[in-house]
Amino acid sequence: VRERTTIGAGSVVGRGSAVDNDVTVGEQVRIQTGCYITAFSTIEDDVFVAPGVTLTNDDTMGRHGTDYELRGATLRRACRVGGGAVLTPGVEIGEGALVGAGSVVVHDVPPGAVVAGNPARVIKQVAELICPLAGERPSHILVPAIHKNRIEIRDLFRRELGLPETPSAGAVEVAER
């Protein structure tokens, strides 16, 4: 973890990962093993970054003048980035979006979208995902939300989809560390 970087409460940076200078990491973020988080990136709360993800910040690969501005990626709240994905300079991954493993993201990803491929393209919405174990759509999308020393599992998209909110079932007590 380099200089001028902030990492929020409850966040984890996995073994062998590098978090470069001038990065902001929110609360309850999970950066798994072997990731590279480049300078000038922003990762908001509740984001998951799978093993081997690489964020980049220089389109010129070092062949620029002193006035060139490096631009890291922005990962909005509760998005998920699959293993081995590459995010190119300045891209934004929208709130609640999902980037498939091995994808190369060259354009912004809309909130709630699922993208995959090289280059990454929108293939569906997170709300349309099918649970591979049950063979059906999950009844709701779960996102951790931190309130003092309590983790509540809450639904990110139900309000936006006009569905009734789920009760607070699934709340789990977390011991103080």
Side-chain angles (χ1 to χ4, degrees), residues 1-62 68-116 119-120 126 141-157 160 170-177:
V1 176
R2 297 272 311 271
E3 65 276 8
R4 298 181 306 278
T5 290
T6 59
I7 297 180
S11 291
V12 174
V13 176
R15 183 181 60 80
S17 291
V19 181
D20 225 339
N21 58 286
D22 302 291
V23 171
T24 301
V25 176
E27 295 184 358
Q28 298 301 315
V29 170
R30 299 291 180 260
I31 298 171
Q32 300 296 304
T33 300
C35 295
Y36 177 63
I37 310 301
T38 193
F40 309 107
S41 295
T42 300
I43 302 176
E44 294 184 351
D45 297 344
D46 303 315
V47 169
F48 178 83
V49 180
V53 170
T54 300
L55 280 56
T56 62
N57 65 3
D58 186 352
D59 284 324
T60 71
M61 293 184 248
Y68 183 81
E69 185 175 330
L70 299 174
R71 299 173 302 124
T74 300
L75 283 63
R76 297 291 178 202
R77 184 180 178 280
C79 72
R80 292 156 290 174
V81 182
V86 176
L87 280 56
T88 58
V91 296
E92 180 175 314
I93 310 302
E95 183 172 349
L98 188 149
V99 175
S103 296
V104 178
V105 181
V106 298
H107 300 289
D108 291 348
V109 175
V114 177
V115 300
V126 170
I141 306 300
L142 301 177
V143 176
I146 306 307
H147 296 289
K148 296 183 183 172
N149 63 339
R150 188 177 168 91
I151 296 178
E152 295 179 10
I153 304 302
R154 96 174 121 164
D155 184 45
L156 176 65
F157 297 106
E160 293 177 21
V172 179
E173 289 292 329
V174 176
E176 290 281 339
R177 291 184 187 200

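Numbers here simply count residues along the sequence, with the first being 1.
In terms of heavy-atom proximity, Gly100 sits nearest to Ala85 at O-CB, 4.2 Å. Scanning all heavy atoms of the two residues, the minimum distance from Gly96 to Val126 falls at O-CG2, 3.3 Å. Taking both residues in full, the closest heavy atoms of Thr88 and Val105 are given as OG1-O, 2.7 Å, listed atom of the first, atom of the second, then distance. Shown here for Cys79 and Gly94, the closest heavy-atom pair between the two residues is CB-O, 3.5 Å. Nearest approach of Ala120 to Ser103, heavy atoms of both residues: CB-CB, 4.2 Å. Ile37 and Ser41 make their closest contact through CG2-CB, 4.2 Å (heavy atoms, listed as atom of the first residue, atom of the second, distance).
Rounding to the nearest 0.5 angstrom, the gap separating the CG atom in Leu98 from the CZ atom in Arg80 is 5.0 Å. Atoms CD1 and CZ, on Ile31 and Arg15 in that order, are 15.5 Å from each other to the nearest 0.5 Å. Going from atom CZ of Arg77 over to atom CG of Asp46 covers 4.5 Å, rounded to the nearest 0.5 Å. Atom CZ of Arg30 and atom OG of Ser11 lie 6.5 Å apart (nearest 0.5 Å). The CZ atom of Arg76 lies 12.0 Å from the CD1 atom of Ile43; values are rounded to the nearest 0.5 Å. Going from atom OG1 of Thr42 over to atom CG of Leu75 covers 9.0 Å, rounded to the nearest 0.5 Å.
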Check: Where do Gln28 and Asp45 land on the side chain to side chain contact (heavy atoms under 4.5 Å, CB included) test, with the steps shown first?
Finding: CA-CA 6 Å; Gln28 298 301 315; Asp45 297 344; 5.9 Å; no
Next item on the list: Would you sort out whether Val99 and Ile93 count as a side chain to side chain contact (heavy atoms under 4.5 Å, CB included), showing the intermediate values?
Entry: CA-CA 8 Å; Val99 175; Ile93 310 302; 4.0 Å; yes
Margin query: Apply side chain to side chain contact (heavy atoms under 4.5 Å, CB included) to residues Tyr36 and Asp20 and explain how you reach the verdict.
Written below: CA-CA 8 Å; Tyr36 177 63; Asp20 225 339; 2.4 Å; yes
Margin query: For a side chain to side chain contact (heavy atoms under 4.5 Å, CB included) check, start with the C-alpha distance between Val23 and Phe40, then their side-chain angles and the critical distance, and finish with the verdict.
Written below: CA-CA 5 Å; Val23 171; Phe40 309 107; over 6 Å; no
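Salt-bridge formation is not detected for the pair Arg71/Asp58: no Lys NZ or Arg NE/NH1/NH2 atom is positioned less than 4.0 Å from an Asp or Glu carboxylate oxygen.
You'll find the side chain of Val29 stays beyond 4.5 Å of the side chain of Phe48, heavy atoms only. Between Ile7 and Val13, some side-chain heavy-atom pair lies under the 4.5 Å cut-off. For the pair Pro119/Val104, no side-chain contact is recorded, criterion being any heavy-atom separation below 4.5 Å from C-beta on.
With Asn21 contributing its side chain and Arg4 its backbone, the two residues share no donor-acceptor pair below 3.5 Å. Thr56 contributes a side-chain N or O that, together with a main-chain N or O of Leu87, makes up a donor-acceptor pair within less than 3.5 Å. Checked by atom type and distance alone, the side chain of Ser17 pairs as donor or acceptor with a backbone atom of Gln32 at under 3.5 Å.
No more than 12 heavy atoms of other residues, nucleotides or ligands shown are found within 6.0 angstrom of CD on Glu69.
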